[in-house]
Number of protein chains: 2
Amino acid sequence: MEHSGGASHSESLLFLTDDQLRKGIEAMFFAYRGFTADPDRILEGMDYGRAHHRALHFIHRSPGTTVNNLLAILGVTKQSLNRVLRGLIEDGLVESRVGRADKRERHLHLTKKGGDLERSLSDAQRARMRAAYRAAGPGAVQGFRQVLEAMMDDSTRRQYQSLKETSL
Amino acid sequence: MEHSGGASHSESLLFLTDDQLRKGIEAMFFAYRGFTADPDRILEGMDYGRAHHRALHFIHRSPGTTVNNLLAILGVTKQSLNRVLRGLIEDGLVESRVGRADKRERHLHLTKKGGDLERSLSDAQRARMRAAYRAAGPGAVQGFRQVLEAMMDDSTRRQYQSLKETSL
DNA sequence: GTTGGAAAGTCAACAAGGCTGACATAAACT
DNA sequence: AGTTTATGTCAGCCTTGTTGACTTTCCAAC
């Protein structure tokens with residue numbers, strides 16, 4: 001058992017056994033389920049799903065963002081995003097305003113109704129994150145974020161970081 | 001900027017601002033994309049997807065596991081899992097053996113071919129995890145796992161922990 | 001021994017949310 | 001004027017999840 005990939009061990013914390021890595025992988029898998037569980041519960045029954053949650057989140061986060069912008073962040077096709085946005089716009093949760101400088105662009109904003117749903121979703125998700133942070137203790141938070149950042153693709157990390165610095 | 005949700009700041013690490021929590025949430029979202037990117041790339045083109053990867057992973061992890069066992073771990077319906085398993089069995093990646101003690105049960109094992117694919121998938125995923133751990137540094141790894149564990153649902157955490165202690 | 005119920009498998013239908021390709025429109029750029 | 005860009009839309013497909021209904025197998029309790 002242990003270090004099945006060959007090479008000698010020694011618990012020098014920067015030599016990482018396959019077993020340590022596997023635990024991290026499984027933790028990531030199981031934790032993501034918890035991460036999405038509360039919003040999923042809120043959304044089930046409504047006509048919406050995880051894709052709607054993501055759109056609401058990033059529109060809330062960057063009000064006035066364009067469709068193209070959102071596409072880049074979400075990493076899906078415009079057809080896929082369009083289906084989601086159409087529903088949100090029809091139901092009056094999102095407002096699509098023609099750009100002033102560039103009239104081809106649509107700038108997206110949450111309505112009162114959209115903002116309300118976004119808040120209930122993010123409240124639930126934040127509550128879980130807060131509880132996890134508290135349970136793990138002060139030191140853990142930084143490590144958590146560092147590993148997650150390092151796990152991203154380079155292009156994703158750039159998006160995350162430019163987003164990170166944008167105040168809400 | 002910062003602490004948009006009101007309340008005073010002070011970086012007392014256990015007072016968590018909405019902004020800190022939001023960063024964690026977005027990090028989780030973006031990191032999960034990276035987490036699945038490499039296996040997804042390997043599987044595209046084959047007839048398989050993420051669901052097949054998960055089945056292969058946990059069968060490799062707990063050889064001889066029953067279908068019911070796997071259902072509980074994966075958290076999907078038997079119909080959904082069955083479709084995935086059927087494909088893997090037909091293609092000779094997974095072997096389904098009738099239980100000796102209880103002949104209703106099917107015990108699942110990877111074949112040579114299934115083991116090969118599982119290895120290539122987990123090699124890729126481990127490589128990314130290893131790189132992330134290295135980049136984040138020794139201290140970060142523990143914090144990462146602690147927060148993820150705390151983020152899981154209680155029942156999921158129990159599964160994770162009993163799995164965690166099982167040596168491979 | 002018969003029967004009740006659990007484990008497993010199967011069929012059918014459906015939904016969400018990805019994808020591609022093709023095409024339309026308007027606006028901006030050159 | 002012609003090209004590129006931003007967006008939207010139609011049609012169709014795939015994966016992976018769902019529910020419901022039904023069968024077969026087989027253990028275990030009566």
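All chains are named by letter (A, B, ...) in the order of the sequence lines, taking the proteins before the strands, and each is independently numbered beginning at 1. No hydrogens, no waters, no symmetry mates; every other heavy atom, side chains included, goes into these values.
- Separation of atoms NE2 (B:His60) and CG (B:Leu121) is listed at 11.0 Å; rounding is to 0.5 Å.
- Of the candidates C:dA8, D:dT7, D:dT16, the closest approach to any side-chain atom of B:Ala51 belongs to D:dT16.
- Taking the side chain of A:Arg106 as heavy atoms from C-beta on, and the options D:dG17, D:dT7, D:dC27, the nearest nucleotide is D:dT7.
- The B:Lys103 side chain lies nearest to D:dC26 when the options are D:dC26, D:dT16, C:dG18.
- Residue side chain A:Lys78 reaches the base of D:dT7 through a donor-acceptor N/O pair under 3.5 Å, judged by distance alone.
- An OP1 or OP2 oxygen of D:dT7 is reached within less than 4.0 angstrom by a side-chain nitrogen or oxygen of A:Asn68.
- The phosphate of D:dG17 has OP1 or OP2 within less than 4.0 Å of a side-chain N or O from B:Arg54.
- Distances shown here put every side-chain N or O of B:His52 at or beyond 4.0 Å from the OP1 or OP2 atom of D:dT15.
- Taking only side-chain nitrogens and oxygens, B:Asn82 comes nearer than 4.0 Å to OP1 or OP2 of C:dT10.
- Contact check, A:Thr77 against C:dC19: a side-chain N or O comes under 4.0 Å of OP1 or OP2.
- Of the listed nucleotides (C:dA7, C:dG18, D:dC10), C:dA7 has the atom at the smallest distance from the side chain of B:Glu105.
- For D:dT15, the OP1/OP2 oxygens have no side-chain nitrogen or oxygen of B:Arg83 closer than 4.0 Å.
- Looking at A:Gln79, its side chain has no donor and acceptor atom pair within 3.5 Å of the base of D:dG12.
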Going by atom type alone, with no hydrogens or angles, which donor-acceptor pairs under 3.5 Å involve a side-chain atom of residues 69-79 of chain B and a protein atom two or more places apart or on another chain?
from, atom 1, to, atom 2, distance (Å)
B:Thr77, OG1, B:Ser80, N, 3.3

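- A donor-acceptor pair under 3.5 Å links the side-chain atoms of B:Arg128 to the main chain of A:Met151, judged by distance alone.
- Donor-acceptor pairing under 3.5 Å is lacking for the side chains of B:Glu95 and B:His107.
- Remark: the A:Arg104 side chain and the D:dT5 base include a donor-acceptor N/O pair separated by less than 3.5 Å.
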